[in-house]
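Residue numbering restarts at 1 for every chain, and letters A, B, ... go by the order of the sequence lines.
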2 protein chains.
Amino acid sequence: MYDLSMRPFKHPPVSEFVLERLLYALSDPVRLEIVRRLATLGEASCGELDGGRPKSTMSHHFRILRDVGLVNTQTVGTTHMNSLRKDDVDSRFPGLLEAILSQPE
Amino acid sequence: MYDLSMRPFKHPPVSEFVLERLLYALSDPVRLEIVRRLATLGEASCGELDGGRPKSTMSHHFRILRDVGLVNTQTVGTTHMNSLRKDDVDSRFPGLLEAILSQPE
DNA sequence: CCCATAGTTCGAATATTATCGAACTTAAGT
DNA sequence: ACTTAAGTTCGATAATATTCGAACTATGGG
């Protein structure tokens, strides 16, 4: 859920989730793909999910996903492990994530 | 569904709906509110849904909602009647609209 | 025919965003 | 210590979006 091991990144508490911002975050093809992959993989490093895109570009997208509360990033050694904050998103927006991610393509 | 009476506006066929574009359209507070109101009212003119905003601003938002397939606009006399293309959206993205619009706020 | 109404379209100003190279940071490994 | 690996942050650029006034269009009424 939400504990201090998630530092040093700021992950917003569930109470600060905003529907419009979440929809915006998912409206970018690159970010939607990241979220889809995380949903199936469970977790992944940033590098595993770049499609040949530069690190700075990926870092930008991951930050947005973190800022809206979709993704949780924790430092494990030198890599950053990302996972979906599925339970948190579900608790704030029941059914939303499933409805979006179950859409084909 | 989709017949010629919808002219002169171009409404995309269901096959051209794109998930990301739909999410983007709904990520704007003004547009999400329009869609919410249409969902409860059934239909409404553009003027009924401006919140004191200029017509040109509203026209811009309605055009985006039409372009992504969310809204159907037909001319009735001098007013433009808008309604949600709920069945069309549902057929392409089952459960999506409901999942989004059922979220409070 | 003139006029008001309801929206659209155009154009411009402002603001946000996406992308990516370059420099920086932190943690391992040798 | 030095080096590599993995990301982040910064800065610039280019593309998109939002907002809104002004001019335009089309419809209906008197």
Considering just the side-chain nitrogens and oxygens of [X], establish if one lies under 4.0 Å of OP1 or OP2 belonging to [N].
X	N	answer
B:Ser45	C:dG7	yes
A:Tyr24	D:dT16	no
B:Arg66	C:dT8	yes
A:Ser56	C:dG21	no
A:Arg63	D:dG7	no
B:Arg31	D:dT18	yes
B:His60	C:dC10	no

Checking contacts here: which listed nucleotide ([options]) is nearest the side-chain heavy atoms of [X]?
X	options	answer
A:Thr79	C:dT19, D:dA6, D:dT18	D:dA6
B:His80	C:dG7, C:dC20, D:dG7	C:dG7
B:Arg53	C:dG21, D:dC20, D:dG7	D:dC20

- [ ] Can you see which heavy atom on B:Arg53 is nearest to which on B:Thr57, and at what distance?
- [x]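 The pair with the smallest heavy-atom distance is CD-CG2, 4.3 Å.
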Open item on the list: Counting the benzene-type ring for Trp, do B:Phe62 and B:His80 have ring centres under 6.0 Å apart?
Closed with: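 No, the ring of B:Phe62 stays outside the 6.0 Å limit from the ring of B:His80, centre to centre.
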Open item on the list: Is the shortest side-chain heavy-atom distance between A:Val18 and A:Val68 below 4.5 Å?
Closed with: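 Not in contact.
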Task: A:Met81 side chain near A:Ser45 side chain, heavy-atom distance below 4.5 Å - done: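 Yes, close enough: below the 4.5 Å cut-off.
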Open item on the list: With a 3.5 Å cut-off and heavy atoms only, can you find an N or O donor on one side and an acceptor on the other between the side chain of B:Thr78 and the base of C:dT5?
Closed with: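 Result: at least one qualifying N/O pair found.
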Gap between atoms [atom1] and [atom2], on [X] and [N] respectively (whole Å):
X	N	atom1	atom2	value
B:Ile64	C:dT8	CD1	P	13 Å
A:Gln74	D:dA6	CD	P	18 Å
B:Asp28	D:dT18	CG	P	6 Å
A:Glu43	D:dA6	CD	P	16 Å
A:Phe9	D:dA6	CZ	P	15 Å
A:Leu65	D:dT8	CG	C1'	15 Å
A:Met58	D:dA5	CE	P	19 Å
A:Asp50	C:dC20	CG	P	11 Å

Open item on the list: Considering every strand and a 4.0 Å limit on heavy-atom distances, what is the contact class for B:Thr57: base, sugar-phosphate, or nothing?
Closed with: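 Here B:Thr57 touches the bases of the nucleic acid.
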TODO: Using a heavy-atom cut-off of under 4.0 Å over every strand shown, decide if A:Ser59 touches base, sugar-phosphate, or nothing.
DONE: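 Base contact.
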Task: Salt bridge A:Arg63-A:Asp67, side-chain N to carboxylate O under 4.0 Å - done: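 Salt bridge flag = yes for A:Asp67 with A:Arg63.
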- [ ] Return the orientation label for the B:Tyr24 and A:Tyr24 ring planes: parallel under 30°, perpendicular over 60°, tilted otherwise.
- [x]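 Rings of B:Tyr24 and A:Tyr24: tilted, as their planes differ by 30° to 60°.
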